[in-house]
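One structure is given here, and the rest of the page talks about it.
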Amino acid sequence: MKASNANTVDLFGSSLAISGDTLVVGAPYEDSAANNGESDDSADEAGAAYLFTRSDGVWSQQTLLKASNADADDQFGDAVALSDQTLVVTAPTEDSSMDGGEADNSALSSGAAYIWE
């Protein structure tokens, strides 16, 4: 199993979560930016998580997940958790501020958790 955009030092597989036929794999050093597609390596260590599903015993990648506010050095995908239809992905070095919202990067390495249902 490999990432669709595998690259040097992405650390694909450093975190894993499985629930039934769904697997999430974290790659906290993956470099793609949030809005420019997975081939854009302009955001060093922004991180990513990959969602795979199993059908008839075969795993296939369904999507590449990124933080909505992905920036360099966020390390999104450092930890992942999956239960039924709820996924949580952490970005322990994400910069943001509780007061200024996700676009305010004034609180360095404050961290964040992202939830999908």
Side-chain angles (χ1 to χ4, degrees):
M1 184 174 293
K2 302 265 184 180
S4 57
N5 63 340
N7 212 338
T8 305
V9 193
D10 284 349
L11 296 184
F12 178 86
S14 63
S15 60
L16 302 167
I18 191 167
S19 180
D21 289 327
T22 303
L23 171 68
V24 179
V25 180
Y29 286 11
E30 193 275 333
D31 296 333
S32 67
N35 299 319
N36 298 327
E38 62 184 63
S39 63
D40 173 5
D41 285 343
S42 65
D44 289 346
E45 298 178 10
Y50 299 81
L51 183 71
F52 293 85
T53 58
R54 177 175 47 195
S55 178
D56 296 325
V58 177
W59 289 98
S60 59
Q61 183 178 320
Q62 298 304 305
T63 192
L64 166 72
L65 300 170
K66 299 292 288 186
S68 55
N69 60 336
D71 284 321
D73 302 317
D74 285 352
Q75 297 178 7
F76 178 88
D78 181 69
V80 295
L82 180 63
S83 179
D84 296 323
Q85 298 297 313
T86 303
L87 169 64
V88 179
V89 180
T90 67
T93 55
E94 195 274 331
D95 303 331
S96 64
S97 169
M98 190 69 166
D99 297 326
E102 68 179 34
D104 179 354
N105 289 337
S106 63
L108 299 179
S109 296
S110 56
Y114 299 83
I115 301 170
W116 283 267
E117 293 188 288

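Residues: numbered from 1 along the sequence shown. Note that the coordinates shown come from a computational prediction; the quantities given were computed from them, not determined experimentally. Computed over heavy atoms, backbone and side chain alike; hydrogens, waters and symmetry mates excluded.
- Hydrophobic clustering, defined by side-chain heavy atoms of Ile, Leu, Val, Met, Phe, Trp and Tyr closer than 4.5 Å, groups Leu51 together with Val24, Leu65, Phe76, Val80, Leu82, Leu87, Val89, Tyr114, Trp116.
- Here the closest non-hydrogen pair linking Ser15 and Gly77 is OG-O, 2.7 Å.
- Residues that satisfy the side-chain contact (heavy atoms from CB on, under 4.5 Å) test with Ser83, not counting sequence neighbours, are absent from this structure.
- In this view, Asp21 and Arg54 satisfy the salt bridge (Lys or Arg N to Asp or Glu O under 4.0 Å) rule, not counting sequence neighbours.
- Contact of the Asn69 side chain with the Glu94 side chain is registered, since non-hydrogen atoms from C-beta on lie closer than 4.5 Å.
- With sequence neighbours left out, the side-chain contact (heavy atoms from CB on, under 4.5 Å) criterion links Asp73 to Glu45.
- Taking OH of Tyr50 as the reference point, atom CD of Glu30 lies at 4.0 Å (rounded to 0.5 Å).
- A salt bridge (charged side-chain N to carboxylate O under 4.0 Å, His left out) check over residues 105-117, counting only residues at least two apart or in different chains, returns nothing.
- Interatomic distance, Gln61 CD to Met1 CE, rounded to the nearest 0.5 Å: 9.5 Å.
- Closest of all the heavy-atom pairs between Asp71 and Ala43 is C-CB, 4.3 Å.
- Listed by chain and residue number, nothing satisfies the side chain to side chain donor-acceptor pair (under 3.5 Å) test with Asp44 (two or more places apart in sequence, or in another chain).
- Applying the side chain to side chain donor-acceptor pair (under 3.5 Å) rule to Gln75 yields no partners; only residues at least two apart in sequence or on another chain are considered.
- The side chain to side chain donor-acceptor pair (under 3.5 Å) search around Thr53 returns Gln62, not counting sequence neighbours.
- Every residue was checked against the side chain to side chain donor-acceptor pair (under 3.5 Å) condition with Thr90, not counting sequence neighbours, and none meets it.
- Tyr29 and Leu16 sit in two unconnected hydrophobic clusters of ILVMFWY residues. Membership requires side-chain heavy atoms under 4.5 Å apart, directly or through other members.
- Closest approach of Ser32 and Ala46 over heavy atoms only: O-CB, 3.8 Å.
- Asn7 and Asp31 share no donor-acceptor pair across their side chains, judged by distance under 3.5 Å alone.
- The side-chain contact (heavy atoms from CB on, under 4.5 Å) search around Leu108 returns Asp95, not counting sequence neighbours.
- At a cut-off of 3.5 Å, with distance as the only test, a side-chain donor of Asp104 or Ser106 sits close to an acceptor on the other residue.
- In terms of the side-chain contact (heavy atoms from CB on, under 4.5 Å) criterion, Thr8 has no residue partners (sequence neighbours excluded).
- Both Leu64 and Val25 belong to a common hydrophobic cluster when Ile, Leu, Val, Met, Phe, Trp and Tyr are linked at side-chain heavy-atom distances under 4.5 angstrom.
- The shortest non-hydrogen separation linking Asp78 to Pro92 is CB-CD, 3.5 Å.
- For the atom pair CG of Asn105 and OG of Ser97, the computed distance is 9.5 Å after rounding to the nearest 0.5 Å.
- Rounding to the nearest 0.5 angstrom, the gap separating the CD1 atom in Ile18 from the CZ atom in Phe52 is 11.5 Å.
- Other members of the hydrophobic cluster containing Ile115, listed by chain and number, are Val88; membership follows side-chain contacts under 4.5 Å among ILVMFWY residues, whether direct or relayed.
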